[in-house]
Amino acid sequence: MIRLATAVDLPSVALLSKQLGYPVTLAQLEERFSKLKDSEQVWVYEQHQRIVAWLQCDWRNDLISGSTLEIIAMVVDNKFRGRGTGRKLLEFIKQKAIDHELTVTVRSQLKRKRAHQFYQKNGFDLQKTQHLFYHPLIEKINSTDESL
């Protein structure tokens, strides 16, 4: 069963996030989950009362790309990979996009070759390769505050 995530699901989301390579504490997840906007949704795939996958998407509208549903993150439990779980979750989200006349986009790290194959097998075309730049503003602000 695929359904919107609730705060009760966050411990499972944390465990799966760690499998994806993004360890996060339950407290961090609770804070982030509470700040989600209406356009940001987290869906869970539940099987036998166990969360085996989750997906976060953002309903975006920007000047360059127009309206799109962007998959922000998707992870399937290691024990459930290769069983069609990810495909079912992806088909569910693709149908949501069709219902709202949107395109679907997803970004995937270069090192995730298996994920790239998965998305291409499910009808996605590679559009571009890009770099993500990060600026640690919070660290700079905190270090500046300490010197005052």
Side-chain angles (χ1 to χ4, degrees), residues 1-139 141:
M1 168 176 70
I2 298 171
R3 61 174 175 75
L4 279 171
T6 66
V8 174
D9 301 317
L10 295 180
S12 297
V13 170
L15 289 172
L16 293 173
S17 296
K18 186 176 181 180
Q19 284 186 16
L20 189 61
Y22 295 99
V24 62
T25 67
L26 185 54
Q28 289 171 318
L29 266 185
E30 289 170 342
E31 180 183 356
R32 294 171 187 172
F33 189 75
S34 71
K35 292 179 180 178
L36 290 177
K37 299 178 232 157
D38 290 340
S39 65
E40 300 167 313
Q41 297 176 334
V42 179
W43 297 88
V44 293
Y45 189 107
E46 187 175 19
Q47 207 169 37
H48 305 293
Q49 299 177 337
R50 177 180 172 195
I51 305 301
V52 298
W54 67 268
L55 178 148
Q56 181 181 354
C57 60
D58 187 8
W59 304 77
R60 298 181 58 182
N61 186 33
D62 63 58
L63 296 175
I64 296 171
S65 303
S67 297
T68 186
L69 190 155
E70 182 170 355
I71 297 171
I72 304 299
M74 184 169 103
V75 60
V76 176
D77 189 312
N78 290 331
K79 297 173 187 166
F80 288 84
R81 291 184 187 160
R83 298 184 187 183
T85 303
R87 180 185 47 76
K88 289 176 188 171
L89 192 54
L90 193 58
E91 288 300 320
F92 175 83
I93 290 302
K94 285 165 55 178
Q95 187 58 54
K96 291 278 183 196
I98 290 168
D99 293 346
H100 292 88
E101 300 178 356
L102 302 172
T103 59
V104 179
T105 59
V106 62
R107 300 169 199 266
S108 182
Q109 286 188 28
L110 290 175
K111 69 181 181 180
R112 299 193 189 279
K113 304 290 186 204
R114 196 168 164 207
H116 304 163
Q117 293 169 349
F118 169 77
Y119 289 119
Q120 289 176 326
K121 183 179 175 183
N122 284 280
F124 287 78
D125 295 319
L126 178 62
Q127 293 295 304
K128 66 179 176 179
T129 302
Q130 63 186 56
H131 295 277
L132 171 67
F133 294 92
Y134 171 79
H135 192 290
L137 292 173
I138 294 174
E139 292 172 22
I141 291 169

Counterpart residues, ring pair (Phe, Tyr, Trp, His ring centres under 6.0 Å), relative to Tyr119 (two or more places apart): Phe124
Heavy-atom side-chain proximity of His100 to Leu69 below 4.5 angstrom: no
Pairs flagged by ring-ring contact (aromatic ring centres under 6.0 Å, His included) wherever residues 8-43 is involved - sequence neighbours left out: Trp43-Phe92
Side chain to side chain donor-acceptor pair (under 3.5 Å) partners of residues 79-88, not counting sequence neighbours, each pair once: Asn78-Arg81
Residues which pass side chain to side chain contact (heavy atoms under 4.5 Å, CB included) with Thr103, listed by chain and number, not counting sequence neighbours: Thr68
Side chain to side chain donor-acceptor pair (under 3.5 Å) contacts in which one or both residues fall within residues 45-60, not counting sequence neighbours: Arg3-Glu46, Ser39-Asp58, Gln41-Trp59, Arg50-Asp77, Arg60-Glu70
Non-hydrogen atoms of Pro11 and Val8 that approach each other most closely: CD-O, 3.3 Å
Side chain to side chain donor-acceptor pair (under 3.5 Å) partners for Lys128, two or more places apart: Gln130
Taking every non-hydrogen atom, the tightest pair across Cys57 and Ile93: SG-CD1, 4.3 Å
Main-chain N/O of Lys111 paired with His116 side-chain donor or acceptor, under 3.5 Å: no
Interatomic distance, Ser108 atom OG to Gln117 atom CD [nearest 0.5 angstrom]: 11.0 Å
Partner set under salt bridge (charged side-chain N to carboxylate O under 4.0 Å, His left out) for Lys35, not counting sequence neighbours: Glu31
Minimum-distance pair of heavy atoms, taken over all atoms of Ser67 and Leu102: CB-CD2, 3.2 Å
Partner set under side chain to side chain donor-acceptor pair (under 3.5 Å) for Gln95, not counting sequence neighbours: Asp99
Evaluation steps, side-chain contact (heavy atoms from CB on, under 4.5 Å), between Val13 and Val24: CA-CA 9 Å; Val13 170; Val24 62; over 6 Å; no
Nearest-0.5 Å distance, CG of residue Asn122 to CG of residue Leu89: 11.0 Å
Separation of Thr6 OG1 from Leu10 CG (nearest 0.5 Å): 7.0 Å
Set of residues satisfying salt bridge (charged side-chain N to carboxylate O under 4.0 Å, His left out) with respect to Glu101, sequence neighbours excluded: none
Atom pair CG/CD of Leu20 and Gln109 - distance to nearest 0.5 Å: 8.0 Å
Counterpart residues, side chain to side chain donor-acceptor pair (under 3.5 Å), relative to Gln28 (two or more places apart): Thr25
Salt bridge (charged side-chain N to carboxylate O under 4.0 Å, His left out) involving Glu30 - partner list, sequence neighbours excluded: none
Atom pair CD1 (Ile72) and CZ (Arg107), whose distance is rounded to the nearest 0.5 Å: 7.5 Å
Any residue meeting side chain to side chain donor-acceptor pair (under 3.5 Å) with Asp125, in chain and number order, not counting sequence neighbours: none
